[in-house]
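Note: hydrogens, waters and symmetry copies are ignored here, and every other heavy atom, side chains too, is used. Throughout, protein chains are lettered first and strands after them, A, B, ... in sequence-line order, and every chain is numbered starting at 1.
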Number of protein chains: 2
Amino acid sequence: MPKSAYHHGDLRSALLEVTAQLVREKGARGFSVSEAARRVGVSIAAPYRHFDDREAMLAAVATRGFTELQETLDGVADPGDQVVRAVAIAEAYVGFALADTARFEVMFAASIDKDRHPELLECAGRVQSGLQDALRELVGDDPAGVVRRAAELWSIAHGVAALLVEDRLAHVVGPAGEDTVVAGAVRAWATGLAG
Amino acid sequence: MPKSAYHHGDLRSALLEVTAQLVREKGARGFSVSEAARRVGVSIAAPYRHFDDREAMLAAVATRGFTELQETLDGVADPGDQVVRAVAIAEAYVGFALADTARFEVMFAASIDKDRHPELLECAGRVQSGLQDALRELVGDDPAGVVRRAAELWSIAHGVAALLVEDRLAHVVGPAGEDTVVAGAVRAWATGLAG
DNA sequence: TCCTCGATGAAAGAGCCTCTTACATCGCAG
DNA sequence: CTGCGATGTAAGAGGCTCTTTCATCGAGGA
């Protein structure tokens with residue numbers, strides 16, 4: 001809600017939104033502070049009042065993405081069977097990645113310095129925690145085991161998502177058949193946990 | 001071997017080398033054609049005689065990386081036990097990624113347009129083929145099954161590698177303990193294939 | 001031997017970008 | 001109603017990519 005012609009009123013939010021939009025359209029590399037400012041209709045220097053630099057704008061989008069990812073994973077219902085549940089969580093992860101591939105890439109972009117944006121590491125920690133909670137019943141009481149298995153499940157889901165996002169699995173999966181890879185992998189993995 | 005002071009003689013190779021070096025030092029985003037030219041000691045326009053653009057230089061480094069990855073995976077000995085073999089291949093994949101994380105990122109960088117550099121998709125196909133060969137004994141005769149399982153193994157290895165490269169698994173693995181995640185995941189997966 | 005030609009280099013510039021510095025304008029607290 | 005902090009603009013330094021134009025080289029034919 002702009003309070004006046006001069007002062008935007010909520011420039012920070014507006015910039016965040018247009019940044020997310022630009023990333024979706026052109027990818028992280030295609031995004032520029034200049035164009036974000038232009039689209040919002042402010043001068044090129046204005047964004048620097050709200051964000052340290054270009055990287056900080058991308059980091060903010062990434063952080064927001066992690067929050068939504070967390071909600072998505074938390075929203076997966078427990079179907080009773082713990083193997084089925086693990087599969088469902090991994091499928092939700094992959095679905096999230098494919099829903100907005102550019103944002104997913106920004107969330108895991110190497111170009112963002114984690115020392116300057118420690119909140120990103122926290123987000124990763126929360127994903128890890130959520131998976132641990134979900135796996136406790138499947139894995140058993142060993143705390144170290146739960147931690148390790150959560151990392152494994154995350155790795156499987158993330159690997160499928162990353163390769164799909166990068167179009168490296170095109171030969172394998174037919175159209176709309178993406179989930180068979182992640183489902184197959186997680187099912188085998190979860191089955192193998194018992195044996 | 002410079003043939004003269006004016007003509008470099010092997011500028012293309014020299015640029016490739018310094019590009020790989022720059023990527024290792026500063027990451028894909030930190031790399032610039034200008035600095036590569038400066039380091040080799042030629043004008044800024046010279047690289048454009050040998051590469052279409054900046055992206056082509058990165059793509060060349062990525063392609064070379066895929067070749068070496070292929071060799072690394074092919075070089076994994078068959079220890080007899082097919083589960084152990086799958087684990088060893090995945091560990092080799094992760095080891096390759098950690099040996100030069102920046103190059104690994106470039107190999108899977110979204111910023112490189114695959115339409116303009118189809119050789120990168122071919123490389124991915126070769127990795128896929130290699131894994132299929134390695135898994136044939138473990139999976140059995142079903143050709144479609146081999147294809148799917150190879151994609152799964154690749155996904156697991158790639159997921160662990162990507163998360164380790166992005167420092168997202170720091171809480172889980174102690175120093176030098178990275179391999180436990182990929183080994184555990186692949187072992188469970190391969191075990192579950194049978195059951 | 002000389003000369004031409006194609007390949008490979010340099011020089012210079014257009015246009016874009018990030019980020020900084022100095023200044024203008026606003027709303028609000030006292 | 002006044003002064004101050006927050007938030008905007010203007011202008012510019014310095015860097016980058018890529019293009020265009022020109023200079024220089026090596027090699028092969030006359």
Please table the atom pairs, donor to acceptor, closer than 3.5 Å between any side-chain atom in residues 117-132 of chain B and protein atoms at least two apart or in another chain.
residue, atom, partner, partner atom, Å
Gln128(B), NE2, Val147(B), O, 3.3
Ser129(B), OG, Gly125(B), O, 3.0

Which pairs would a plain distance check flag for residues 161-170 of chain A, meaning a side-chain donor or acceptor within less than 3.5 Å of a matching protein atom at least two apart in sequence or in another chain?
residue, atom, partner, partner atom, Å
Glu166(A), OE1, Lys114(B), NZ, 3.0
Arg168(A), NH2, Met107(B), O, 3.1

Item to check | Integer-rounded Å distance: dC16(D) P and Arg39(B) CZ | outcome: 12 Å

Checklist entry - With a non-hydrogen cut-off below 4.0 angstrom, is Ala45(B) in contact with a base, only sugar-phosphate, or nothing? => result base

Checklist entry - Can you list, by residue number, the residues of residues 11-35 of chain A that have a non-hydrogen atom closer than 4.0 angstrom to DNA chain C? => result Ser32(A), Val33(A), Ser34(A)

Just list the side-chain donor-acceptor pairs under 3.5 Å for residues 40-49 of chain B, sequence neighbours left out, or say none.
residue, atom, partner, partner atom, Å
Ser43(B), OG, Ala45(B), N, 3.3

Checklist entry - Hey, can you pull the residues of residues 49-59 of chain B with a non-hydrogen atom under 4.0 angstrom from DNA chain C? => result Arg49(B), His50(B)

Which atom pairs, donor and acceptor, lie under 3.5 Å between side-chain atoms of residues 19-28 of chain B and protein residues at least two apart or in another chain?
residue, atom, partner, partner atom, Å
Thr19(B), OG1, Leu15(B), O, 2.6
Gln21(B), OE1, Arg24(B), NH1, 2.9
Gln21(B), NE2, Glu25(B), OE2, 2.9
Arg24(B), NE, Asp100(B), OD2, 3.0
Glu25(B), OE1, Arg39(B), NH1, 3.4
Glu25(B), OE1, Arg39(B), NH2, 2.9
Glu25(B), OE2, Arg39(B), NH1, 3.2
Lys26(B), NZ, Glu35(B), OE1, 3.0
Lys26(B), NZ, Glu35(B), OE2, 3.4

Please output the side-chain donor-acceptor pairs of residues 138-146 of chain A that fall under 3.5 Å, not counting sequence neighbours, one pair per line with the distance.
residue, atom, partner, partner atom, Å
Asp142(A), OD1, Ala144(A), N, 3.3
Asp142(A), OD2, Gly145(A), N, 3.0

Checklist entry - OP1 or OP2 of dC17(C) sitting under 4.0 Å from any side-chain N/O of Arg38(A)? => result yes

Next on the checklist: Tell me every residue that passes side-chain contact (heavy atoms from CB on, under 4.5 Å) with Ala88(B), counting only those two or more places apart in sequence or in another chain.
Outcome noted: Val76(B)

Next on the checklist: I'd like to check the ring pair (Phe, Tyr, Trp, His ring centres under 6.0 Å) partners of Phe31(B); sequence neighbours left out, ordered by chain and number.
Outcome noted: none

Checklist entry - Is there a donor-acceptor pair under 3.5 Å between the side chain of Arg54(B) and the backbone N or O of Val33(B)? => result no

Next on the checklist: What is the distance, to the nearest angstrom, from the CD1 atom on Ile44(A) to the P atom on dC17(C)?
Outcome noted: 7 Å

